[in-house]
Amino acid sequence: MTRRAKLVAAWGAVALWAAFIFLMSAHTGSDLDDGSGLVAQIKRWLSALAAPVFGPDTDVVSVAAHFSEYVVLGALLFVALWQTRPDARWALLVAAAIGLASLYGASDEFHQLFVPGRLCDPADWLTDTLGAALGVGASALVVRGR
């Protein structure tokens, strides 16, 4: 695969994943509460498991979704930045990937202000940033180990 193809693939994956996050943010968790599909059943099961530990009002499924989405985004951003600047210092690549993912998380929370039933929650943004940091760290270790 040529360097150009690797760049296009890496940034294409970032763009697709960012679009997925945007689409997921356009829905509320309550969209699934009345559903009978597999995803709705899994959400109810996870909520029932989490309620005794975190309380009945905590939407642990939402927290897990935010964290997981941004683990992937962080990993994809690190790889794309590394493909773009393979000669850059690792600390710079790590900081840039976490910063970009966190910025996208902030824009995602802003987007949710305009979605009925959603709100801008700084705790979600923090969860996004922590998830991105884990994804960046894991992908940096894998890439460096090559």
Side-chain angles (χ1 to χ4, degrees), residues 1-33 35 37-51 53-55 58-115 117-146:
M1 188 181 259
T2 67
R3 177 167 158 65
R4 184 176 188 81
K6 287 180 183 178
L7 279 172
V8 169
W11 286 107
V14 169
L16 286 172
W17 195 256
F20 170 75
I21 291 172
F22 184 87
L23 290 173
M24 293 303 290
S25 292
H27 298 284
T28 64
S30 62
D31 291 351
L32 299 173
D33 289 341
L38 179 62
V39 175
Q41 291 174 3
I42 291 171
K43 182 181 186 242
R44 282 193 295 274
W45 176 74
L46 288 172
S47 295
L49 284 176
V53 177
F54 298 104
T58 302
D59 188 358
V60 77
V61 175
S62 174
V63 172
H66 273 268
F67 189 80
S68 301
E69 287 172 344
Y70 282 83
V71 166
V72 174
L73 182 63
L76 292 173
L77 276 167
F78 179 82
V79 170
L81 288 167
W82 173 66
Q83 290 291 336
T84 303
R85 296 288 312 267
D87 57 334
R89 289 190 353 242
W90 284 86
L92 179 63
L93 293 174
V94 166
I98 293 170
L100 287 171
S102 183
L103 208 61
Y104 191 75
S107 74
D108 182 45
E109 291 307 311
F110 180 74
H111 163 237
Q112 290 177 24
L113 283 172
F114 304 99
V115 176
R118 299 294 301 257
L119 54 101
C120 179
D121 186 355
D124 282 349
W125 169 75
L126 178 61
T127 301
D128 299 342
T129 302
L130 292 173
L134 177 64
V136 168
S139 68
L141 289 173
V142 169
V143 168
R144 192 160 205 162
R146 293 166 118 200

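Values in this document were obtained by computation on a predicted structure and should not be read as measured data.
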[X] versus [Y], closest heavy-atom pair with distance:
X	Y	result
Gly74	Ala97	O-CB, 4.4 Å
Trp11	Leu77	CZ3-CD2, 3.9 Å
His111	Ser25	ND1-CB, 3.5 Å
Ala13	Leu76	O-CD1, 3.7 Å

Please round to the nearest 0.5 Å and tell me the distance separating atom [atom1] of [X] and atom [atom2] of [Y].
X	Y	atom1	atom2	answer
Ile98	Leu93	CD1	CG	11.0 Å
Ile21	Leu73	CD1	CG	4.5 Å
Arg3	Thr84	CZ	OG1	7.0 Å
Leu126	Glu109	CG	CD	10.5 Å
Asp124	Leu119	CG	CG	7.5 Å
Thr129	His66	OG1	NE2	11.5 Å

Beyond-backbone contact of Val14 with Leu100, side-chain heavy atoms, under 4.5 angstrom =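 Val14 vs Leu100: side chains apart.
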inquiry  = Main chain of Gly135, side chain of Ser139: is a donor-acceptor contact present, judged purely on distance under 3.5 Å?
reply    =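 Yes, the answer is positive, given that a donor and an acceptor are paired below the 3.5 Å cut-off.
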task = Please answer whether the main-chain N or O of Tyr104 pairs with a side-chain N or O of Ser107 as donor and acceptor at a distance below 3.5 Å.
result =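 A pair under 3.5 Å: yes.
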key: Pair listing, salt bridge (charged side-chain N to carboxylate O under 4.0 Å, His left out) test, anchored in residues 62-86, at least two apart   =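 Every salt bridge (charged side-chain N to carboxylate O under 4.0 Å, His left out) pair that includes a residue of residues 62-86, provided the two are not neighbours, is Arg85-Asp87.
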query = Under the side chain to side chain contact (heavy atoms under 4.5 Å, CB included) criterion, do Phe110 and Cys120 qualify, and how do the steps go?
reply = CA-CA 6 Å; Phe110 180 74; Cys120 179; 5.7 Å; no
task = Could you point out which residue of Val136, Leu134, Asp128 forms a side-chain contact (heavy atoms from CB on, under 4.5 Å) with Tyr70?
result =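 Only match with Tyr70 under side-chain contact (heavy atoms from CB on, under 4.5 Å): Asp128.
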request  = Please check if the distance between the ring centroids of Trp90 and Phe78 is under 6.0 Å.
outcome  =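 Yes, the ring centres sit under 6.0 Å apart.
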key: All side-chain contact (heavy atoms from CB on, under 4.5 Å) counterparts of Ala10, not counting sequence neighbours   =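 Once residues adjacent in sequence are excluded, the partners of Ala10 under the side-chain contact (heavy atoms from CB on, under 4.5 Å) criterion are Ala80, Gln83.
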